[in-house]
Number of protein chains: 2
Amino acid sequence: MSKTKDSKTEHIILEAAKRVFQNKGMDGARMQEIADEANINKAMLHYYYRSKQQLFEAVFNTAFALLAPQLNAILNDDSSVEVKIRNFTKNYISFISRHPYLPTFIIQELNRNPNFVLKMKDKKGFPNIEKFKKQIALEIQQGTLKPVKGEQLFINIMALNIFPFVASPLIKAFVNIDDKAFKQLVEDRKTEVADFIINSIKA
Amino acid sequence: MSKTKDSKTEHIILEAAKRVFQNKGMDGARMQEIADEANINKAMLHYYYRSKQQLFEAVFNTAFALLAPQLNAILNDDSSVEVKIRNFTKNYISFISRHPYLPTFIIQELNRNPNFVLKMKDKKGFPNIEKFKKQIALEIQQGTLKPVKGEQLFINIMALNIFPFVASPLIKAFVNIDDKAFKQLVEDRKTEVADFIINSIKA
DNA sequence: ATATTTATTAACCAATTGGTTAAACTAAAT
DNA sequence: ATTTAGTTTAACCAATTGGTTAATAAATAT
């Protein structure tokens, strides 16, 4: 941490901005709405964050900083692939249930501005897949896993865990269930998804 | 088809609107930009579609109408689960490669306005999961499939097929590959994903 | 040919939006 | 006590945006 300042107002603004950007996106969000949400004069937003763009980036960065360690858990942890997948699935679904807006927000904004992710890649703590790939190759060689490419397995794990949250309105409609049933279904996935993956790749 | 009209201009506008809405979304799109894209006066947009909202809905409906039959393929086709999954995966990935904007657009806009999907549910042709659930239950009983809930399997199939397209900027960054390598990776998934699923559920 | 309906355009408009400014208020430093 | 620096506000501003209008051009019907 470089800034010891972090005035109370600054923090209140960031929290309000988080809530508004989260479900309106950059384009849909209005500075006035953020100000109202923070019970504060609109000029304060510019006083602390200069522009909408900079306020947005502050929100995006904190959101991403929250998500990245979750992914690093599965990429860099030292336990066996099976244990990692079981832990990750349970933890990740539990994590997202507490921040359901997160993946949608990040994915949506990265699609809007794909070169935005490049700035992130340099920062330390940015998820890197290399160690995971080596581990997969090793376990295949040891005979505990069927042959599978690390990249593809990683994508599958991400897809199975994240997709239901990103596409929740679609899923609710197709499967024809209400919010409560959806919540239960997601809860079930904490073990369901891990079993599904392990079943597929275990030798 | 009710309208034999469909003037040429009307069609040009819809195509232009598709392109703009597709990568800017409802909030980010500008009527003037759509007009420019169509090489036409902005007033024409209102002449044919009255409002931005109605033009958007026209675009959304055509997009959804394109996607729905793809999903019905796996839900209502009569072949075995294994065959269906193999066919669907290959066809769907090939389909989306031709319309890479589609799933992101639909998911993004449904998240922006979740009750929008309710209007869709009434229309015939809206994907329904019931038949698929019965088929899964039957094959489990016959001993060709391991026990698995139809809803969860359906979600897994959707997730594995759709997610890479929705989260492509994120995946490219994590797996550290460029557009070309990503394209190859997606191409590989035409068989990869089917194998992954079948491996997991086959008794 | 002429009237009438349909298509198209340029100019305009009111509302919204991100951002600024100058003045006022507050708290800390002298 | 008073200067000083930081904080907050109301009012304002220029640009943008979705949408309208009135006039014109093109096609269709009579």
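Remember, it's a predicted structure, so these values are computed and weren't measured experimentally. Values below: every heavy atom of this structure, side chains too, minus hydrogens, waters and symmetry copies. Each chain gets a letter, A, B and so on, in the order its sequence line appears, and its residues count up from 1.
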Residues in side chain to side chain contact (heavy atoms under 4.5 Å, CB included) contact with Asp78(A), at least two apart in sequence or another chain: Lys131(A)

Partners passing side chain to side chain contact (heavy atoms under 4.5 Å, CB included) against Leu102(A) (at least two apart in sequence or in another chain): Ala63(A), Leu66(A), Phe95(A), His99(A), Ile106(A)

Atom-to-atom span, CD of Glu33(B) to P of dG18(D) - whole angstrom: 10 Å

Arg30(B), nearest nucleotide to its side chain (from dT9(C), dG19(C), dG18(D)): dG18(D)

Whole-Å gap separating P (dT16(D)) and CG (Asp36(B)): 14 Å

CD1 on Ile171(A) to CZ on Phe163(A), rounded to 0.5 Å: 5.0 Å

Euclidean distance, atom CE of residue Met31(B) to atom P of dG18(D) [Å, nearest integer]: 7 Å

Side chain to side chain contact (heavy atoms under 4.5 Å, CB included) against Asn161(B), all qualifying residues, sequence neighbours excluded: Phe88(B), Thr89(B), Tyr92(B), Ile93(B), Ile157(B), Val193(B)

Spacing of Asn41(B) atom CG relative to dG19(D) atom P, expressed in whole Å: 15 Å

Glu109(B) side chain reached by Phe56(B) side chain, heavy atoms, under 4.5 Å: yes

Sub-4.5 Å side-chain heavy-atom contact between Lys123(B) and Asn61(B): yes

Close residues, residues 44-62 of chain A, relative to DNA chain D [heavy-atom separation under 4.0 Å]: Met44(A), Tyr47(A), Tyr48(A)

Non-hydrogen side-chain atoms of Phe105(B) and Asn23(B) separated by less than 4.5 Å: no

For Asp36(B), side chain to side chain contact (heavy atoms under 4.5 Å, CB included) partners two or more places apart: Gln32(B)

Which residue lies more 5' along DNA chain C, comparing Ala43(A) with Gln32(A) via nearest heavy atoms: Gln32(A)

N/O (side chain, Ser7(A)) to phosphate O (OP1/OP2, dT7(D)) under 4.0 Å: no

Interface residues of residues 19-29 of chain A with DNA chain D (non-hydrogen, below 4.0 angstrom): none

Residue Lys42(A), side-chain atoms from C-beta onward, closest of dA10(D), dG18(C), dA10(C): dG18(C)

Ile12(A) CD1 - dT7(D) P separation (whole Å): 13 Å

Six-ring centre of Phe21(A), Arg112(A) cation under 6.0 angstrom, axis tolerance 45°: no

